[in-house]
Enquirer: 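Can you keep this structure in mind? I'll have questions shortly.
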Protein chains: 2
Amino acid sequence: MDGSKPLRRDAERNRRRILAAANALVAKVGLDISHNDIARAAEVGVGTVYRRFPDRQELIDELFDERVDRIVALVDQAMEIDDPWQALCAFVAGNLELQASDKGLKDLMVGDGRVTELAQRAGRRIGPAVRQLVERAHASGQLRPDVGVEDFPLIQEMVSAVMEHARHIDPDLWRRALALVLDGYRAHAQPREPLPGATPTPEQIEQVLSAKRR
Amino acid sequence: MDGSKPLRRDAERNRRRILAAANALVAKVGLDISHNDIARAAEVGVGTVYRRFPDRQELIDELFDERVDRIVALVDQAMEIDDPWQALCAFVAGNLELQASDKGLKDLMVGDGRVTELAQRAGRRIGPAVRQLVERAHASGQLRPDVGVEDFPLIQEMVSAVMEHARHIDPDLWRRALALVLDGYRAHAQPREPLPGATPTPEQIEQVLSAKRR
DNA sequence: GGGAAACGGAGCGAACCTATCCACTTCTAG
DNA sequence: CTAGAAGTGGATAGGTTCGCTCCGTTTCCC
């Protein structure tokens with residue numbers, strides 16, 4: 001695969017510096033970074049960044065494979081929890097926790113446009129596992145039956161919004177919002193009115209997540 | 001107050017056109033409109049817009065007094081409903097409904113920065129009434145006791161986020177999200193775990209709403 | 001009819017981004 | 001140690017988007 005000859009030692013060092021700087025930068029300010037930003041952060045000339053990563057998308061993709069891995073690990077970890085509701089909550093909370101500490105990841109999951117293709121790949125890797133978590137919670141009767149997998153991205157959107165706005169005030173306020181929302185998702189003894197509208201279709205949710213934002 | 005001499009007829013006509021166009025534009029695309037945008041929409045030269053409204057903020061303020069009135073009317077209306085929980089829900093839903101049809105209003109309420117001062121004034125006019133609605137719901141035992149008035153702006157934030165992202169897919173998806181969230185806010189028979197963290201203070205919420213976003 | 005008031009929109013400067021280019025530095029094979 | 005290949009940095013060209021001004025022209029009103 002990697003047919004090209006190895007980089008010179010200094011070049012390789014710079015490559016790593018760029019990757020590291022870009023990584024930190026994306027976590028701090030989000031997906032919206034220019035070659036110039038990266039160069040400044042890496043203490044390297046713009047030219048160097050362009051030479052090594054002519055396509056910014058490729059660089060970003062590289063950064064995110066690893067991030068998605070972290071989420072996948074999270075699902076696996078959640079699957080180990082016996083109680084299905086606890087497991088589901090653990091996943092949702094963990095996922096949001098990751099996002100809280102990584103604006104780039106948040107942008108990716110919430111889909112602020114642009115990165116569609118990346119988000120789709122992530123969805124394909126994570127989706128099935130989440131579906132399983134949801135099914136378990138349904139089977140155990142702990143998740144209200146009229147809530148579907150498709151409702152979970154909505155949690156992300158919602159709690160992310162709180163995270164975004166409240167980050168600098170109380171970085172943990174989103175936990176409160178999440179707890180309240182999850183209580184709404186939880187099955188309860190007393191009867192409840194049916195939810196308005198139909199459960200969103202997977203296609204719709206996908207569109208929401210990759211919103212072109214016009 | 002209005003000591004200046006009246007405008008020439010054509011000038012007055014243009015002033016109205018500008019105001020009308022700006023109003024429609026704000027409803028459609030939000031607070032983030034330039035003098036140029038307004039001029040184009042009003043079919044008027046940029047210069048004219050600048051001459052009449054040198055300070056964009058003043059123009060926008062003018063547009064929003066009327067919008068806030070609509071919300072105040074909504075609270076009053078909700079107060080008439082006998083069942084405290086229904087009343088509260090009616091207000092929250094109505095408020096979000098207004099926002100769904102008016103992006104500018106949404107921006108104002110969600111506080112995307114900038115318009116701080118405007119949002120504060122709005123809060124001062126609406127806040128007390130909402131507090132009353134919440135107190136009624138508490139007294140009747142229909143609102144979970146550990147949810148405070150301060151938690152309601154969070155609903156706005158959360159559901160607005162869904163609205164924003166899903167508008168073009170299913171303009172009513174937010175209703176589903178809202179229903180789920182409100183179910184989380186509602187008091188239930190079975191015991192529940194206490195919410196994590198403290199109820200946010202009013203000061204905190206104010207800060208959240210007027211987030212400088214940096 | 002004439003002078004004051006208002007108009008329109010070309011266009012200026014600032015900010016910011018992408019991308020290139022080439023004189024200079026650093027590496028490494030021999 | 002050295003020559004020349006590989007790599008570097010950052011000034012700069014060129015594009016876009018804004019906010020705003022300025023002034024030749026039009027419109028109003030006495």
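Numbered from 1 within each chain, the chains take letters A, B, ... in sequence-line order.
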Enquirer: With nearest nucleotide decided by heavy atoms, which residue, A:Arg17 or B:Arg51, maps closer to the 5′ end of DNA chain D?
Expert: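 It is A:Arg17, whose closest nucleotide lies nearer the 5' terminus.
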Enquirer: Rounded to whole Å, please give me the gap between CD1 in B:Ile33 and P in D:dT17.
Expert: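 Spelled out: CD1 on B:Ile33 to P on D:dT17 is 18 Å.
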Enquirer: Nearest whole Å is fine: how far is C:dA5 C1' from B:Arg13 CZ?
Expert: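 Checked: the CZ to C1' distance equals 14 Å.
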Enquirer: Checking A:Arg67 against A:Asn23 for the side chain to side chain donor-acceptor pair (under 3.5 Å) test, could you report, in this order, the C-alpha distance in whole Å, the side-chain angles of both residues, the deciding distance, and whether it holds?
Expert: CA-CA 10 Å; A:Arg67 273 158 225 252; A:Asn23 200 41; 2.2 Å; yes
Enquirer: In whole angstrom, what separates A:Ile38's CD1 from C:dC17's P?
Expert: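 It works out to 12 Å between those atoms.
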Enquirer: Using whole Å, report how far CZ of B:Arg56 lies from P of D:dG19.
Expert: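 Distance check: B:Arg56 CZ to D:dG19 P gives 7 Å.
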Enquirer: Nearest to the A:Val46 side chain among D:dG10, C:dT18, D:dT21, which nucleotide is it?
Expert: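 Nearest nucleotide to the side chain: D:dG10.
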Enquirer: Rounded to the Å, how far apart are A:Asp10 CG and C:dT28 P?
Expert: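 For the pair A:Asp10 CG and C:dT28 P, the rounded distance is 7 Å.
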Enquirer: Mapping B:Glu43 and A:Arg8 onto DNA chain C by nearest heavy atom, which one lands closer to the 5' end?
Expert: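 Result of the comparison: B:Glu43.
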Enquirer: If you compare all heavy atoms of A:Arg144 against all heavy atoms of A:His138, which two are closest, and at what distance to 0.1 Å?
Expert: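 In terms of heavy atoms, the two residues are closest at O-NE2, 3.4 Å.
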Enquirer: What's the shortest heavy-atom distance between B:Ala22 and B:Ile38, and which atoms?
Expert: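 Looking at all heavy atoms of both residues, the closest pair is CB-CG2, 4.1 Å.
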Enquirer: Please pick, from D:dC20, C:dC17, C:dT26, the nucleotide with the shortest atom-to-atom distance to any side-chain atom of B:Asn36.
Expert: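 Selected nucleotide: D:dC20.
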Enquirer: Does a nitrogen or oxygen in the side chain of A:Thr48 sit under 4.0 Å from OP1 or OP2 of D:dG9?
Expert: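 So the side-chain polar atoms of A:Thr48 do come within 4.0 Å of the phosphate oxygens OP1 or OP2 of D:dG9, strictly under.
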Enquirer: Can you tell me if A:Arg52 touches the phosphate of D:dT8, counting only side-chain N or O atoms and a distance under 4.0 Å to OP1 or OP2?
Expert: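 Affirmative; the distance criterion is met.
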Enquirer: Is it true that A:Asp10 and A:Arg13 have a side-chain N and a carboxylate O under 4.0 angstrom from each other?
Expert: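 No, this pair does not count.
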Enquirer: With distance as the sole test, does A:Asp107 use its side chain to make a donor-acceptor pair with the main-chain N or O of A:Gly30 at under 3.5 Å?
Expert: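 Not a single qualifying donor-acceptor pair exists.
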Enquirer: Please pick, from D:dC28, D:dG19, D:dT8, the nucleotide with the shortest atom-to-atom distance to any side-chain atom of A:Asn14.
Expert: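 Out of D:dC28, D:dG19, D:dT8, the nucleotide with an atom closest to A:Asn14's side chain is D:dT8.
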Enquirer: Would you kindly give the NE2-to-P distance between A:His35 and D:dA11, to the nearest whole Å?
Expert: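 A:His35 atom NE2 is separated from D:dA11 atom P by 19 Å.
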Enquirer: Distance check needed: D:dG9 P versus A:Arg15 CZ, whole Å only.
Expert: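 Nearest whole value for this atom pair: 16 Å.
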Enquirer: For the base of D:dT27, is there a side-chain donor-acceptor partner from B:Arg9 under 3.5 Å away?
Expert: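 It does not, because no donor-acceptor pair links the side chain of B:Arg9 to the base of D:dT27 below 3.5 Å.
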Enquirer: Whole Å only: how far is the CD atom of B:Glu12 from the P atom of C:dC7?
Expert: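 After rounding, the reported distance stands at 10 Å.
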